[in-house]
Peer 1: 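Below you'll find the structure I mean.
Starting from 1, each residue takes its place in the sequence as its number. Please read these numbers as outputs of a predicted model, since none were measured by experiment.
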Amino acid sequence: MELAEYRDRFPILESTTYLINHSLGAMPAEAERRLAQFAAEWRTRGARAWGEGWWDTSFRVGDLVGGIVGAPPGSTVMHQNVTVAEAIVLSCFDLKPPRNRIVFEEGLFPSVRYVQQAWSRFGADVVVCPDAEAVIDAIDERTLLVPVSHVLYKSAEIQDVHAIAAKAHSVGAHVCLDAYQSAGAVPLDVTALGIAFCVGGSVKWLCGGPGAGWLYVRPDLAEQLEPAFAGWQAHARPFAFEEEMDPAPGAGRFLTGTPVVAANYAASAGYEIIAEIGVDRIRENSMRQTALLVDLVDDAGFELTSPRDPEVRGGSVVFRVPNFQAVHAELARRDIICDTRPDAGIRFGPHFFTSDDEIRFAVSQVQEILASGVHLEQAHAAAGY
């Protein structure tokens, strides 16, 4: 099946030039049907729905995304978001010297930075490094955890996760990989990497929507750790309603309370499409289309802020033009959906269903907007995403 044939599965493509898949992936029509299925089950089955599939969505949907990132069955569970997943990981450790150091790059997504830095009140020695090379240099025998982004959100630069993981493993430190900006667009095999943890969400390239974060825990480690941030779904016998905690086996002990069933239903639709196509095929097309984007940006004389090397460039391309926030607002008015980030510029994120003509059209529209000056009317406006 040609990639263009998947376009009719994504309704928003009928009315917009959708280049914001690095931020909110287009919704599959199947997701709407599955949300309707959830509503129908709630309406007709009521409490019986828990035993008819709702309760197991944390595991069943977790296995779907786990298969995309190379995780074995039973090692990935669903959560509300990455912040919760990261906090659960942190809660496994007492953070006492001599191994209480958390080392990460300053380009980490803010939400992940915030939760790591908050743990300093519990004894963590937080070290923030300017780049990946500095992270590798800073990892030593005092290091407990290395949170790292597979792809940096501001520049779409792919990090050398293999080198970071190798250094961490050499001193007995754990890597917690944030694959939010890569899963579904850049191939990833958490088993081959040997990392302890991997977190992500469904909002972006996985086309799964909000409220469906996920956490992978290496199976051998899952049996050794016991999170302090735990809830009744993490109990070995949740419906026994016992007064003391008895952690469930494996990744199940990294769950919290009642699952977000509706979000899990919606996310599964996107996961199945990504798995059907295959991330390797998506990546091949992405590298070709982002190379086209880079050439168009260069030809237009815009300032590229993403890497030029396609091997270290993720699925989006970031470029800067004068008054880029106002240009962005004008693009939004024209139903060309993209976004901006401070100190970075405009971000275009095509996905497997994007046509080359849409990419050319979007760049030409930026040129026309700048030439006409119409964006200056939008100087005090901002799109809300």
Side-chain angles (χ1 to χ4, degrees), residues 1-10 13 18-19 21-23 25-26 28 30 61-73 75-76 148-153 155-166 175 177-195 198-208 212 214 216 218 267-295 306-317 348-356 358-359:
M1 185 171 177
E2 296 298 320
L3 293 179
E5 296 179 65
Y6 286 92
R7 287 182 61 87
D8 62 1
R9 299 193 192 185
F10 296 86
L13 304 183
Y18 202 77
L19 294 173
N21 299 287
H22 55 275
S23 182
E30 180 61 26
V61 180
D63 277 347
L64 288 176
V65 70
I68 292 170
V69 300
S75 62
T76 308
V148 57
S149 291
H150 191 189
V151 174
L152 297 179
Y153 79 102
S155 65
E157 179 183 349
I158 299 174
Q159 300 296 279
D160 190 351
V161 179
H162 290 273
I164 294 171
V175 170
L177 181 65
D178 178 2
Y180 218 138
Q181 288 283 353
S182 62
V186 179
L188 170 64
D189 189 331
V190 295
T191 301
L193 276 173
I195 54 175
C198 186
V199 299
S202 309
V203 175
K204 306 180 190 299
W205 306 108
L206 291 169
C207 298
W214 48 270
Y216 158 79
R218 200 176 69 221
S268 67
Y271 296 169
E272 288 173 5
I273 293 175
I274 298 299
E276 177 184 333
I277 299 170
V279 178
D280 287 341
R281 187 181 178 196
I282 291 172
R283 175 63 174 163
E284 181 182 6
N285 183 69
S286 174
M287 291 176 73
R288 182 188 63 78
Q289 288 195 319
T290 55
L292 170 62
L293 247 175
V294 168
D295 288 344
S306 287
R308 288 192 174 277
D309 182 353
E311 295 295 332
V312 295
R313 186 176 62 235
S316 59
V317 171
F348 279 0
H351 211 352
F352 60 88
F353 42 66
T354 306
S355 71
D356 291 359
E358 286 178 302
I359 293 171

Peer 1: Please examine the side chains of V190 and R218, heavy atoms only from C-beta on, and report whether any two atoms are closer than 4.5 Å.
Peer 2: no

Peer 1: Would you give the length of the straight line joining atom NE2 of H351 to atom CG of L3, rounded to the nearest 0.5 angstrom?
Peer 2: 10.5 Å

Peer 1: Kindly determine whether H22 and S316 satisfy side-chain hydrogen bond (donor to acceptor under 3.5 Å, both in side chains), including the steps that lead there.
Peer 2: CA-CA 6 Å; H22 55 275; S316 59; 4.9 Å; no

Peer 1: Is there a side-chain contact between P28 and E272 in this structure, where contact means two heavy atoms from C-beta onward sitting under 4.5 Å apart?
Peer 2: no

Peer 1: Nearest 0.5 Å please: distance from the CG atom of D160 over to the NE2 atom of H150.
Peer 2: 9.5 Å

Peer 1: Grab the two heavy atoms, one from I282 and one from A185, that are nearest each other, plus how far apart they are.
Peer 2: CG2-CA, 4.1 Å

Peer 1: Please check this pair: side chain of S149 against backbone of L152, looking for a donor-acceptor N/O pair closer than 3.5 Å.
Peer 2: no

Peer 1: Answer yes or no: is there a side-chain heavy-atom contact under 4.5 Å between L177 and L188?
Peer 2: yes

Peer 1: When you compare the side chain of I273 with that of Y6, does any pair of heavy atoms fall below 4.5 Å?
Peer 2: yes

Peer 1: Could you tell me whether the side chain of T191 and the main chain of G70 form a donor-acceptor pair under 3.5 Å?
Peer 2: yes

Peer 1: Where is the tightest heavy-atom contact between Q289 and P350, given as atom of each residue plus distance?
Peer 2: OE1-CB, 3.8 Å

Peer 1: Given P307, which of I158, T290, V312 fulfils the side chain to side chain contact (heavy atoms under 4.5 Å, CB included) condition?
Peer 2: V312

Peer 1: Measuring only between side-chain heavy atoms, which start at C-beta, is V199 closer than 4.5 Å to Y180?
Peer 2: no

Peer 1: Looking at side-chain heavy atoms only, is the closest gap between T354 and Y18 below 4.5 Å?
Peer 2: no

Peer 1: Looking at OG1 of T76 and CD1 of I68, how far apart are the two atoms once the value is rounded to the nearest 0.5 Å?
Peer 2: 10.5 Å

Peer 1: Do the rings of F353 and F10 sit parallel, tilted or perpendicular, given the 30° and 60° boundaries?
Peer 2: tilted

Peer 1: If you look at every heavy atom in W214 and A183, which pair is closest and at what distance?
Peer 2: CZ2-CB, 4.0 Å

Peer 1: Looking only at atom types and distance, does a side-chain atom of R9 sit under 3.5 Å from a main-chain N or O of E30, one as donor and one as acceptor?
Peer 2: no

Peer 1: Within a strict 4.5 Å, meaning less than it, do heavy atoms of the I274 and F352 side chains meet?
Peer 2: yes

Peer 1: To check you understand the geometry: which heavy-atom pair defines the closest contact between S268 and L64, and what is its length?
Peer 2: CB-CD1, 3.8 Å

Peer 1: Would a distance-only check, ignoring hydrogens and angles, find a side-chain to backbone donor-acceptor pair under 3.5 Å from W205 to Q181?
Peer 2: yes

Peer 1: Any side-chain heavy atom of V294 within less than 4.5 Å of one from S306?
Peer 2: no

Peer 1: Quick check for you: to the nearest 0.5 Å, what is the distance between I164 atom CD1 and Q159 atom CD?
Peer 2: 6.0 Å

Peer 1: How long is the span from the CD1 atom in I195 to the NE2 atom in H162, to the nearest 0.5 Å?
Peer 2: 9.5 Å

Peer 1: Between N21 and G349 (side chain of the first, backbone of the second, donor and acceptor by atom type, cut-off under 3.5 Å), is there such a pair?
Peer 2: yes

Peer 1: Determine, step by step, whether L206 and Y271 satisfy the side-chain contact (heavy atoms from CB on, under 4.5 Å) criterion, reporting the C-alpha distance in whole Å, the side-chain angles of both residues, the deciding distance to 0.1 Å, and the verdict.
Peer 2: CA-CA 6 Å; L206 291 169; Y271 296 169; 3.8 Å; yes

Peer 1: Looking only at non-hydrogen atoms, find the nearest pair between S286 and G315 and report the distance.
Peer 2: OG-CA, 3.6 Å

Peer 1: First locate atom CD of E311, then atom CZ of R313, and finally report the distance between them rounded to the nearest 0.5 Å.
Peer 2: 9.5 Å

